[in-house]
Amino acid sequence: GFAIIRFLPTPEGEEMPWVSYFDHGFQGPGGWYIEKSLTTLNKQDPVSEYNTQLWNTGIEANKEIARKQKRRLHYVSNIYVVSDPKNPDNEGKVFLYKYGKKIFEQLKEAISPAFEDEAAINPFDLRGEGANFKIKIRKVDGYWNYDKSEFEGVSQLKEADDQIKAIWEKQYPLKPFVDPSNFKTYDELKEKLNRVITGTQSTTTVDE
């Protein structure tokens, strides 16, 4: 896949142009477990606790289960789609974009380059200090890979000032992704975890 996007500035009422959260996604005898992790909120999470128990057994098979169930880090930002050849209807629209550590590291590198001959840019700027980002997706060893993605040179969007203002105003709020009310409780998550790993809905808990 290939598309050109522009990361958007901090939405009104927000502190940063991105938010981050952890989740778990794995399948067991009782179905899929796909839930946000309470560690996002610096709270105890039943999957993290269970993975620690598995790891501490020292048994390689248990460690492998823990690896497959480990928490995943996601970032979310607002983006403006400059070009999307495969989905042209997306062009000129604002979307929420979920991405991982690889792309976030590229954002950090753009803000603070590792080498002196590289100029810093503000990847969240719509005007002359920002740059378009080329998303390049390949499949490597069966997994989607974004390593070829890169920033273009510094540029301003071609849209007029009133259009740029309209783009900024169309952004979606980011706070809901980390609002505690949008996370299940510890007990709810623990009950679901037990159902997924045992295949039954019982009162048995993972640490009994």
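Here, residue 1 is the first one in the sequence, and each next residue gets the next number.
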A.B. asks: For the OG1 atom of T40 and the CG atom of D23, what is their distance to the nearest 0.5 Å?
C.D. replies: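 Spacing of OG1 (T40) from CG (D23) equals 8.0 Å.
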
A.B. asks: Got a sec, which residues hit side chain to side chain contact (heavy atoms under 4.5 Å, CB included) with K43, two or more places apart in sequence or on another chain?
C.D. replies: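 K43: side chain to side chain contact (heavy atoms under 4.5 Å, CB included) contacts with L38, L41.
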
A.B. asks: Under the side chain to side chain contact (heavy atoms under 4.5 Å, CB included) test, which residues partner N87, sequence neighbours left out?
C.D. replies: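 Partners of N87 under the side chain to side chain contact (heavy atoms under 4.5 Å, CB included) test: D84, N90.
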
A.B. asks: Indicate every side-chain donor-acceptor pair of residues 92-104 with a distance under 3.5 Å to a residue at least two apart or in another chain.
C.D. replies:
from: K93; atom 1: NZ; to: D89; atom 2: O; distance (Å): 3.1
from: Y99; atom 1: OH; to: S77; atom 2: OG; distance (Å): 2.8
from: K102; atom 1: NZ; to: D147; atom 2: OD1; distance (Å): 3.4

A.B. asks: Say you draw a straight line from CD1 of I164 to OH of Y80; how long is it, rounded to the nearest 0.5 Å?
C.D. replies: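 Going from CD1 on I164 over to OH on Y80, the span is 9.0 Å.
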
A.B. asks: Of all the heavy-atom pairs spanning E188 and T185, show the shortest one and how long it is.
C.D. replies: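 In terms of heavy atoms, the two residues are closest at OE1-N, 2.8 Å.
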
A.B. asks: For residues 168-185, pull every pair meeting salt bridge (Lys or Arg N to Asp or Glu O under 4.0 Å), keeping only residues two or more places apart or in separate chains.
C.D. replies: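 Those involving residues 168-185 are E35-K184, K165-E169.
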
A.B. asks: Between the side chains of Q69 and N51, is a donor N or O closer than 3.5 angstrom to an acceptor N or O?
C.D. replies: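 Distance-only check passes for Q69 and N51.
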
A.B. asks: Report yes or no: does D45 contribute a side-chain atom to a donor-acceptor pair with the main-chain N or O of S37 at less than 3.5 Å?
C.D. replies: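 No: the side chain of D45 does not pair with the backbone of S37.
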
A.B. asks: Apply side chain to side chain contact (heavy atoms under 4.5 Å, CB included) to the pair N194 and K190, showing each step before the final yes or no.
C.D. replies: CA-CA 6 Å; N194 279 290; K190 192 163 188 175; 3.7 Å; yes

A.B. asks: Which residues pass the side chain to side chain contact (heavy atoms under 4.5 Å, CB included) test with E12, sequence neighbours left out?
C.D. replies: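 Once residues adjacent in sequence are excluded, the partners of E12 under the side chain to side chain contact (heavy atoms under 4.5 Å, CB included) criterion are W168.
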
A.B. asks: Does anything in residues 116-139 form a ring pair (Phe, Tyr, Trp, His ring centres under 6.0 Å)? List the pairs, not counting sequence neighbours.
C.D. replies: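 Found F7-F124, F7-F133, W18-F124, F133-F151.
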
A.B. asks: May I ask you to establish whether K68 and F26 are in a cation-pi arrangement, using a distance under 6.0 Å from NZ or CZ to the six-membered ring centre and at most 45° from the ring axis?
C.D. replies: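 Verdict for F26: no cation-pi partner in K68.
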
